[in-house]
Amino acid sequence: ENAPEQFYLRTNLLSPLTNFGAEYCIGNNWSVGADYYFPWMPRNKNHKNCFQLLGWNVEGRYWFGKDRTVEDRLEGHSVGLSVASGYYDFEKDFMGNQGEFVSVGADYLYSLPVCKDRLHLEFTLGLGWIYSRVKPYEVYTEGGFAYKYSYEKNFNWWGPVKAGVSLVVPIRFSGRNGR
């Protein structure tokens, strides 16, 4: 007889209402997931600063512990490997950078059930590498056009690439063939 399937929906509370993710159990100790991020701080009234990011990642995760049951899947300690990509436009004081990025990393996650196992809280910290081709620009007048420089520069970062305190909703449904 097949056990109920496990599917989880989540959002990272460190950037509320600007991201969502899903994770699916594969057996008792493995899961795969994907997240979509779209934090967006529009320009303030003087068009001086903005923060725009569109990114996504996919991840494979191993959950520690033997003899897991359906009820405690995706709870406790786990490690994961992820790949991410996206676009950005960051501007401060009329100077900005636009570009695309790729990232690979490893992370540690701890998931804690709350509200009689109706919700989980996840705490995540990841380390890895980010690469981007950066296109600098300048805005000469308030609300004016962006003047892009004719050069691009490489950006490489080794260090923290992921942090999260996520609210997770477990969803259980019948296994394949309605069993």
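Just so you know, these numbers use all the heavy atoms, side chains as well, and skip hydrogens, waters and symmetry mates.
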**OP:** Give the intermediate values and the outcome of side chain to side chain donor-acceptor pair (under 3.5 Å) for residues Tyr88 and Ser132.
**Re:** CA-CA 10 Å; Tyr88 62 88; Ser132 177; 2.6 Å; yes
Original post:
Roughly how far, to the nearest 0.5 Å, is the CD atom of Glu138 from the CE atom of Met95?
Top reply: 4.5 Å
Original post:
Under 3.5 Å, side chain of Thr124 to main-chain N/O of Ala163, donor-acceptor pair present?
Top reply: no
Original post:
How far apart are the closest heavy atoms of Leu127 and Val161, and which atoms are they?
Top reply: C-CG2, 3.7 Å
Original post:
Parallel, tilted or perpendicular: which describes the rings of Tyr36 and Phe38, with under 30° parallel and over 60° perpendicular?
Top reply: tilted
Subject >> Main-chain N/O of Leu74 paired with Ser111 side-chain donor or acceptor, under 3.5 Å >> reply: yes
**OP:** Please report the shortest heavy-atom distance between His120 and Pro170, naming the atom on each side.
**Re:** NE2-CG, 3.9 Å
Original post:
What heavy-atom pair brings Ala106 and Leu81 nearest, and what distance separates the two atoms?
Top reply: CB-CD2, 3.8 Å
Subject >> Shortest non-hydrogen contact between Leu17 and Thr11, atoms and distance >> reply: N-OG1, 4.4 Å
Original post:
With the 4.5 Å side-chain cut-off for hydrophobic clustering, are Leu14 and Phe20 part of the same group?
Top reply: no
Original post:
Step by step, would you call Ile130 with Trp158 a side chain to side chain contact (heavy atoms under 4.5 Å, CB included)?
Top reply: CA-CA 7 Å; Ile130 298 173; Trp158 289 94; over 6 Å; no
Original post:
Counting heavy atoms not belonging to Tyr87, are there more than 12 under 6.0 Å from its OH?
Top reply: no
**OP:** Please assess Tyr137 against Asp89 for the test side chain to side chain donor-acceptor pair (under 3.5 Å), listing each intermediate value before the final yes or no.
**Re:** CA-CA 10 Å; Tyr137 67 90; Asp89 183 356; 2.5 Å; yes
Original post:
Taking NZ, NE, NH1 and NH2 as the nitrogens, is one of them in Glu59 or Lys162 under 4.0 Å from a carboxylate oxygen of the other?
Top reply: yes
Original post:
Linking I/L/V/M/F/W/Y whenever their side-chain heavy atoms sit closer than 4.5 Å, directly or via other members, would Val79 and Ile26 fall into one cluster?
Top reply: yes
Original post:
How many angstroms lie between atom CG of Asn156 and atom OH of Tyr131, to the nearest 0.5 angstrom?
Top reply: 7.0 Å
**OP:** Determine yes or no for a side-chain-to-main-chain donor-acceptor pair under 3.5 angstrom, with Asn12 supplying the side chain and Asn19 the backbone.
**Re:** no
**OP:** Tell me whether Leu119 is reachable from Leu13 by hopping between hydrophobic residues (I, L, V, M, F, W, Y) whose side-chain heavy atoms are closer than 4.5 Å.
**Re:** yes
Subject >> Test of ring centre spacing under 6.0 Å for Phe64 and His77 >> reply: no
Original post:
Any side-chain heavy atom of Asn57 within less than 4.5 Å of one from Tyr37?
Top reply: yes
Original post:
Given Cys25 and Tyr8, is the side chain to side chain contact (heavy atoms under 4.5 Å, CB included) satisfied, shown in steps?
Top reply: CA-CA 9 Å; Cys25 291; Tyr8 291 71; 4.1 Å; yes
**OP:** Quick one: pull up CG in Leu109 and CZ in Arg61 and give me the separation to the nearest 0.5 Å.
**Re:** 4.5 Å
Subject >> Taking every non-hydrogen atom, the tightest pair across Leu54 and Phe101 >> reply: O-CE2, 4.4 Å
Original post:
Parallel under 30°, tilted from 30 to 60°, perpendicular over 60°: which one fits the rings of Phe90 and Phe51?
Top reply: parallel
Original post:
Rounded to the nearest 0.5 Å, what separation is found between the CZ atom of Phe123 and the OH atom of Tyr108?
Top reply: 10.5 Å
**OP:** Flag the pair Arg133 and Glu100 as a salt bridge only when some basic side-chain nitrogen lies within less than 4.0 angstrom of an acidic carboxylate oxygen.
**Re:** no
Original post:
Same cluster for Val102 and Leu53 if Ile/Leu/Val/Met/Phe/Trp/Tyr side chains link at under 4.5 Å?
Top reply: no
Original post:
If you group Ile, Leu, Val, Met, Phe, Trp and Tyr by side-chain heavy-atom gaps below 4.5 Å, do Ile171 and Trp30 land in one group?
Top reply: yes
Subject >> Heavy-atom closest contact (Val83 atom, Val104 atom, distance) >> reply: CG2-CG1, 4.2 Å
Subject >> Distance in Å, Trp157 CH2 paired with Ser103 OG, rounded so as to fall on 0.5 Å steps >> reply: 11.5 Å
**OP:** Quick one: do Ser166 and Arg10 satisfy side chain to side chain donor-acceptor pair (under 3.5 Å)? Show the steps, please.
**Re:** CA-CA 6 Å; Ser166 298; Arg10 68 175 164 243; 5.4 Å; no
Original post:
Where the side chain of Ser85 meets the backbone of Trp56, is there a donor-acceptor pair that is under 3.5 Å apart?
Top reply: no
Subject >> Ser31 and Glu23: CA distance, side-chain angles, deciding distance, side chain to side chain donor-acceptor pair (under 3.5 Å) verdict >> reply: CA-CA 7 Å; Ser31 65; Glu23 193 157 358; 2.5 Å; yes
